[in-house]
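Structure record follows, encoded as structure tokens.
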Amino acid sequence: MLKMYITTPAATMFMSSGEHRMGNKTPEVTVKDGSVRISIGREDISLPLQPLPGQLLDWFIRGRKEGYESLLEGRGPGPLFSRHLPVVSTTGEEGPFSTRLAHKGVGFLPQPQFLEEYIERHEEVLARTKELPRDLSLQQRLETAAVLHDNPGSIDPGLLGSLEIFAGGTYANLMERPLASLLFTDPGHGYRSFQLDCAVEMIEPPDPRFRFLQLARGLFERDPFHVTQPGVHCAYLFWITGIHDKTPHPVDEKNVRHKH
């Protein structure tokens with residue numbers, strides 16, 4: 001399979017030709033000039049990208065930082081999980097119940113110009129702590145993970161990434177229709193909740209974005225709060241095209257039809 005990766009100041013483009021190793025319907029997803037084009041069968045869909053606004057970006061960052069502090073203090077991931085494990089919804093083309101729901105670990109990626117810098121930082125700390133007991137290396141690994149969130153200007157606000165380990169129903173659906181919705185819900189603070197609609201790009205080595213996501217998971221691969229699963233099938237890039245606030249709120253009784 002031939003692949004070509006082109007980095008531009010605006011975005012990173014992905015083009016592929018040939019068949020995917022698990023099928024011949026490889027989705028075509030191209031990001032350019034602030035929009036994403038998706039080919040589904042004979043249909044081409046173009047959607048404008050919608051980067052996370054500052055307030056929502058800050059919500060994600062705060063949750064991750066609080067989670068890192070909770071881990072360091074021995075209290076488990078805490079707020080990290082609500083920002084890291086959304087429900088991912090995908091839909092296939094056949095059957096009455098083709099929708100698949102799955103929790104996937106997702107995270108931010110650096111902007112293209114900062115990508116190699118963060119890859120090198122992750123590789124260095126993993127090499128340095130490889131022989132140390134997990135408890136002794138945890139602070140160094142958490143500090144490395146936190147660097148990206150301490151520098152929000154380095155984050156690509158229009159993109160989230162995830163590793164695909166199982167290649168089950170979600171993967172099969174995305175091979176047919178590379179579209180997904182992600183639902184994040186905070187168990188506290190009024191159950192604040194957001195849905196992100198995304199075009200989904202599949203990537204594999206040698207794409208450096210795949211390498212970064214693999215390293216980001218590798219920082220905590222063998223910690224007790226993770227399911228150890230070093231084998232990775234591919235990675236997903238979730239390009240954000242829609243944002244919906246799903247936070248529950250009171251409804252005025254005059255809007256309830258059966259009350260009239």
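Between Ser89 and Thr99, the shortest heavy-atom contact is OG-CG2, 3.7 Å. Pro110 and Leu115 make their closest contact through CD-CD1, 3.9 Å (heavy atoms, listed as atom of the first residue, atom of the second, distance). When all heavy atoms of Arg177 and Gly92 are compared, the closest pair comes out as CD-O, 4.2 Å. The two atoms that bring Gly107 and Arg64 nearest to each other are CA-NH2, 3.3 Å, heavy atoms only.
In Glu73, the CD atom is crowded: over 12 heavy atoms of neighbouring residues, nucleotides or ligands sit closer than 6.0 Å. Crowding of Gln139 atom CD: a count of heavy atoms from other residues, nucleotides or ligands under 6.0 Å not exceeding 12. The neighbour count for Asp135 CG, taken as heavy atoms of other residues, nucleotides or ligands under 6.0 Å away, does not exceed 12.
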Side-chain donor-acceptor contacts of residues 119-127 below 3.5 Å, not counting sequence neighbours, with atom names and distances?
from   : atom 1 : to     : atom 2 : distance (Å)
His122 : ND1    : Tyr118 : O      : 2.9
Glu123 : OE2    : Arg211 : NE     : 3.2
Glu123 : OE2    : Arg211 : NH2    : 3.2
Glu124 : OE1    : Arg128 : NH2    : 2.7
Glu124 : OE2    : Arg128 : NE     : 2.7
Glu124 : OE2    : Arg128 : NH2    : 3.4

- Item | Worked verdict on Asp150 versus Lys65 for side chain to side chain contact (heavy atoms under 4.5 Å, CB included) | CA-CA 9 Å; Asp150 289 335; Lys65 287 185 175 181; 3.0 Å; yes
- Under the side chain to side chain contact (heavy atoms under 4.5 Å, CB included) criterion, do Val106 and Phe184 qualify, and how do the steps go? CA-CA 11 Å; Val106 304; Phe184 296 84; 3.7 Å; yes
- Task: Decide side chain to side chain contact (heavy atoms under 4.5 Å, CB included) for Phe194 and Leu56; before the verdict, give the C-alpha distance in whole Å, the side-chain angles of both, and the deciding distance to 0.1 Å.
- Result: CA-CA 9 Å; Phe194 292 93; Leu56 186 51; 3.4 Å; yes
- Message: Could you go through Glu201 and Tyr236, starting from their C-alpha distance and side-chain angles, then the distance that decides it, and tell me whether this counts as side chain to side chain contact (heavy atoms under 4.5 Å, CB included)?
- Response: CA-CA 6 Å; Glu201 179 182 352; Tyr236 300 136; over 6 Å; no
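In this structure, the separation between CZ on Arg62 and CG on Leu57 is 10.5 Å, given to the nearest 0.5 Å.
In this structure, Thr129 and Leu136 have side chains that are not in contact, with every pair of non-hydrogen atoms separated by 4.5 Å or more. Side chains of Leu47 and Ile45 form a contact here, defined as non-hydrogen atoms less than 4.5 Å apart.
Remark: Glu164 engages Lys104 in a salt bridge (Lys or Arg N to Asp or Glu O under 4.0 Å) (not counting sequence neighbours).
Between Asp245 and Arg192 there is no salt bridge, since no side-chain N of the basic residue sits under 4.0 Å from a carboxylate O of the acidic one.
Looking only at atom types and distance, the side chain of Thr241 has no donor-acceptor partner in the side chain of Asp197 under 3.5 Å away. With no hydrogens or angles considered, a side-chain donor-acceptor pair links Thr185 and Ser193 at under 3.5 Å.
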